[in-house]
Each structure stands twice: as structure tokens, then as C-alpha cells.
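Just so it is clear: chains get the letters A, B, ... in the order the sequence lines come, proteins before strands, and each one is counted from 1. Below, each value reflects all heavy atoms present in this structure, side chains not excepted, and no hydrogens, waters or symmetry copies.
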Amino acid sequence: MNHCVPDFEIDDDYSNSPSSGMGRSRKSPLMPDEGIMELLWQNGQVVMQSQNQRSHRKSPPSSKYDAVIPADMEIRSSQVQGHESATHNHQQQQQQHLFMQEDEMASWLHYPLVDDPSLDHNFCGAGLLYPASTCANTNSSDVRPAATTPPVSASASKPPIPPARKEMDSKVQNFVLFSRDKSRVESGLSTSKSVVRESTTVVDSNETPAVGPESHALEMAMRSSAEASNANLRCGTMSGGGAGTSTSGGVGGKEVMTCEVTVTSSPGGSSASAELLPAPKPPAEDRKRKGREVDDTECQSEDVDFESADAKKRERGMSTKRSRAAEVHNLSERRRRDRINEKMKALQELIPRCNKSDKASMLDEAIEYLKSLQLQVQMMSMGCGMVPMMFPGVQQYMPPMGMGIGMSLGMGMEMGMNRPIMPFPNVLTGSALTTPAAAAHLGPRFPMPAFPMPPVPPTDPSRIQQTNQPDQMLSTLGTPNPNQSQIPNFPDPYQQYLGHHQMQFPLHQNQAMVQPSTSKPSTSRGPEIPENHQSGRLLY
Amino acid sequence: MSSRRSRSRQQSGVSRSTNNNITDDQITDLVSKLQQLIPEIRNSRSDKVSASKVLQETCNYIRNLHREVDDLSDRLSELLATTETDSAQAAIIRSLLM
């Protein structure tokens, strides 16, 4: 019997005789025959081999295990082996006996791994993947105890893993349970997950119960072996093949499910995962690979845990697809929202003095600010354009223009913008307006509710019923002009505004106004202006 | 919150729901208003422009406007420097620059 022998060979001795397994594990009272996992530990370590296969020969060199085992007592390998062997027998269920040397792994076994009484030894190695395979059924009880055994450092798991792997396929189910527990382990490895998945599926089929305990044990093991965990992560394989035996670190000799999880805490995790994946498939191959996988499967425990849940889902089959689709949808939705929020933040930063926190008011402010900005730019560009036109000759026209500008600017101010543009009463320093006093006079009147300005037909100077005299004009201008659609409605394109502006303001003699209007409409209006102007004069 | 809501209501003219939470409709409404202000989108507007695009264009537009304002201010200051201090022109420019 291979399992009885404390040798730790990783070879797939497991596969050989599942039945023999039990005897081997000295420590593991586990299943007598489930043969799942017996961790035979050499070097005084618990060497459990799955019953099935008698000792998981996974870890070929005992030395390997030695290093590992002593550290963590993980009999993962044994478990793994056990798994494999278990495949044969179906007794797997009981296999769960993860036998770990209690003394060493005492901590490892946190929870009652398996119901089986046999499974008293829990492998400390967290990586112990309960050999789902054989004992699959053993049910979780078996596994649990094993799992509970404190997962010895991941490294330890190595040896046990390989053997477990063998069984993985068969013990797939064990793995499921196993993985569940293990998932706790850092497994983040997706690979492991996938592996787990596979294992879980398999596991379920075979013997779920075994898995359970194992997973737990694995978890434990995993946890402890966190550090080693990379391997554990890989162990996800546990999940994968159920042979998770490898719970890396802590996996004790649990009967790792067949999950190939080569948990072996060894950092080889990555490799393990690779192995794991394929492992579940071919059980036989797994066995062989156990040695390797054990190293890798460190992650199993964690993966197992997660995986088990996932696996279960998958087991259902369709549900996973749907849930995945929903997840994808959620993710994309979330991403979209994030993008929008990020842009809103950027917008908020651009708006000066924006202290609003909610979106709607912030958007409101953004709208207003944008309008005022547009107006300001328009004004300024008009001013720029106008200035060159200002030659002494047209000095006289200045005031009206200035007035207009002031008006418009004042209007702009009304818009609620916070820009520095201020109505400038002093604009009217021109001749026509006589004195700054006039401007001053005009100034105060600036604040007019310009905002909702009635749209003024651009070409309607006749509307402006103003006297020719500056004073009158001033006053008229100064006061809000109800009947004077001076300011084109604000939201309108500013060109219109400018055009208007010219139309209206150059009431008296503003030919100069015509030119400066940089806006396009103004050009069209230009020619008319003088006429209007003339007529305006008359009209006004 | 209520004060803010009412204020915003007045300001924006957008009626808000009385409930405290801001509905999506309000947001989309505002976004569409914003969309109309942006010439880029307004001219080539399709039926639906994603909110994120509108926001992005708004940010870009505002930055452009800022840049323009700066440019114009520079120009106006130069002009101011060249004109006589007391001219109406100067006054205008000054007011613009304020």
C-alpha cells in the first residue's frame, strides 16, 4: 500500500490504489479507505495519502516536503494524492480525511473538517486540498477537518499537492467544497479560479461532500499559508480540479480534491495554475503532475473558496452566463458613470466660484457661466475691432458706441456672470455725451434686467424712439428701455447682438459703429446703418 | 437644499421636482441646454449626444473661451497703451478689460 508508507512520493502512487490509502496515513484517521487522501509524510511528518492512492507520492523528495511540511505540515500533497486515488474508488467521500499531523498542524485545522471521524488529522497545510476525488463524498466532513488543520505554510503544501492532484479529477467534488473554503486564500489567481471552476464542476459531480471540508481546510491552510500563497492562489486549482490539494501554504494533507490545484505554496504558483487548468481534465495526468502542481497550487485555498462559489454557480450552468452578462453590463455602466463624473469634476474646476455639490445646480452654473463667457468674449472682440477704428474723426461717435458697449456690458453683467466686465459708466466720455456726468448718469441705470431681452429684430432702428439729443438718449438709454429692444435677446447668437448693438446705439451718428462691428451681421448691416442712421436721426 | 432648489429654479428656469433628489430628467435637460450653447455640438448635433461628450465639449469650449478672453485682454491692453488716456476709446477699453 502506498499510503501507509510514510513516504512522500509524489508520484502518483495515489492513482494506484485508492484503497490502500487509508492505512497509510498514520496520522490520519481518515477514512479508512476512501483512500483518498493519505498524507504520508516522510520525515516524521504526516504523510497522508489518500487512501486511494496510498500516499500521495506527490512530493517526490521528501525533502521537499520536509521543508514544507515541517513548516506547515501540509499534507497537501497527500491529499492530492488521495484525490487521485480516490477517483478510483469512490469512497472518496470519506476521504476527506486530511490527516495532518496534528501536532504540527494543529492550528491548521480550524474547523471540523470532516464529519468523518477518520479525518482527525487535518493537514496543516492549508493547501491541503481535500481529495475530492476519492472521497468526494466523504464529505466535507473529511475535508473539513483536514482543512481546518492550519494550513501550513504554503510551501508545505507542495508535497501533498501532487498526489492530490491525481485524484483531483475524481475528487472533483471535493474540490468544490474545498475551493469554497479556500477561496479565502488570496487566490486571486484567476487561473486558479478557472481551475477551481473546473474542479468544482467536477467535484460536484463526484462527491461534493468531500470537497466541503476540504475547502475549509484548505482555507485554513491557505490563510495561514498566505505567504506561500502564491502557490495557493494557484491553488485555485483546487477549485479547478477539485484536486486542490495544493493549497499552498496551509494545505495540509487534506484530501485535496482532485483539483489540480497545485496549491503548493511554492511560488511556482503560476506554473501551478497552468498545471491546474489542464489538470482537472485528465485525472490521470494530474496525478503525474501532482508533484508539480503541488507546488503551484498554493493558491488553492483561496481560489477554492471563491471558486467553489463560482463553481457552484457554474454548475448550475446557465446561471453563470446570465450573471456574467449582468456583471459585464454593470461594469460598463459603472465605467460610463465614472467617466461622466470625472468630466463633471473637471467642469466644476473650470467654473470659478462654483461651490455646488449636486449635479444639477452645477450644471446650471456651468450654463450661466458659459453664457457670460461667450458674451464677454464677444464684447471684447468687438472692442478690439472697434478700437482701431477709432480715429479722431469718429471721436464723436464714440460715446454712443461707448454707451452701447456699456449697455451691453452692463447687460452682460446682468446675466449673472461673475466676470470682471463691469458696466462702465465712464464710457461716455465722448463728446456727444458731453460729460462724464452723463455717463455717470447713465451708469447707475446700467443694471437693467437685460437677461430676458425680447428679441429685437436686427434691422429695426426705427424702433428706437429716441430723441436726438444726447441727453435724451442718455436718459433713454439709461433707463431700462422697455420699448426699446436694445439688447437682442441674450441667448441669441452674439452676432445678432452686436448687430443690434450697432443698430441701436449708433443712433445718432454712429457710423463708426458700423465698421467696428466685427460680427458678420454687422457687415451686412453696415451699409444700412448710415442710412438708418440718417433716418434714425429723423426718427429719433 | 430647498433654498438651493428654489434658487436654481429661478435661475435656470428649469422646474425641478419637489423631491430632494435630482432626477435624471433634470440632468438630461440641463445637458441638452448646455449642448445648445456649444457651437460645436449645436451645429452638428445629432439626436443624441452622450452626456459625457457634452461635458467634454463644454470643458473644451470653456477653456477655449478663457484663452480667447486672455488674448483679447492682451490686445486691448496694447491698444489701451497706444491710445490717449482720456479718450473714449481708452475708456471703453478699460471697461472691457475690467
Engineer: Run the side-chain contact (heavy atoms from CB on, under 4.5 Å) test against Glu57(B) and tell me which residues pass, sequence neighbours left out.
Structural biologist: Ile38(B), Glu40(B), Ile41(B), Lys53(B), Asn60(B)
Engineer: By side-chain hydrogen bond (donor to acceptor under 3.5 Å, both in side chains), which residues pair with Arg67(B), not counting sequence neighbours?
Structural biologist: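 Applying side-chain hydrogen bond (donor to acceptor under 3.5 Å, both in side chains) to Arg67(B) gives Asn64(B).
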Engineer: I'd like to check Thr58(B) versus Leu350(A) (side-chain heavy atoms, cut-off strictly below 4.5 Å). Are they in contact?
Structural biologist: no
Engineer: Can you see which heavy atom on Val69(B) is nearest to which on Met380(A), and at what distance?
Structural biologist: O-CE, 3.7 Å
Engineer: Quick check: under 4.5 Å, non-hydrogen atoms only, which of residues 337-345 of chain A neighbour chain B?
Structural biologist: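 Listed by number, the contacting residues are Arg339(A), Ile340(A), Lys343(A), Met344(A).
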Engineer: Distance from Glu349(A) atom CD to Cys59(B) atom SG, nearest 0.5 Å?
Structural biologist: 9.0 Å
Engineer: How long is the straight-line distance from CG of Asp24(B) back to NZ of Lys359(A), given to the nearest 0.5 Å?
Structural biologist: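 Nearest 0.5 Å value for the NZ-CG distance: 7.5 Å.
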Engineer: Starting at CZ of Arg75(B), measure out to OG of Ser381(A) and round the result to the nearest 0.5 Å.
Structural biologist: 8.0 Å
Engineer: Can you check whether Leu370(A) reaches Leu65(B) side chain to side chain, under 4.5 Å on heavy atoms?
Structural biologist: yes
Engineer: Rounded to the nearest 0.5 Å, how far does CG of Leu37(B) lie from CD1 of Ile367(A)?
Structural biologist: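 Ile367(A) atom CD1 to Leu37(B) atom CG measures 6.5 Å (nearest 0.5 Å).
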Engineer: Quick check for you: to the nearest 0.5 Å, what is the distance between Met379(A) atom CE and Leu72(B) atom CG?
Structural biologist: 11.5 Å
Engineer: Taking C-beta and beyond as the side chain, do Leu363(A) and Leu55(B) meet within less than 4.5 Å on heavy atoms?
Structural biologist: yes
Engineer: Mind checking what makes salt bridge (charged side-chain N to carboxylate O under 4.0 Å, His left out) contact with Arg63(B), not counting sequence neighbours?
Structural biologist: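 For Arg63(B), no residue satisfies salt bridge (charged side-chain N to carboxylate O under 4.0 Å, His left out) once neighbours in sequence are set aside.
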Engineer: Could you look at Ser73(B) and say if it's the side chain, the backbone, both or neither that has a heavy atom under 4.5 Å from chain A?
Structural biologist: both
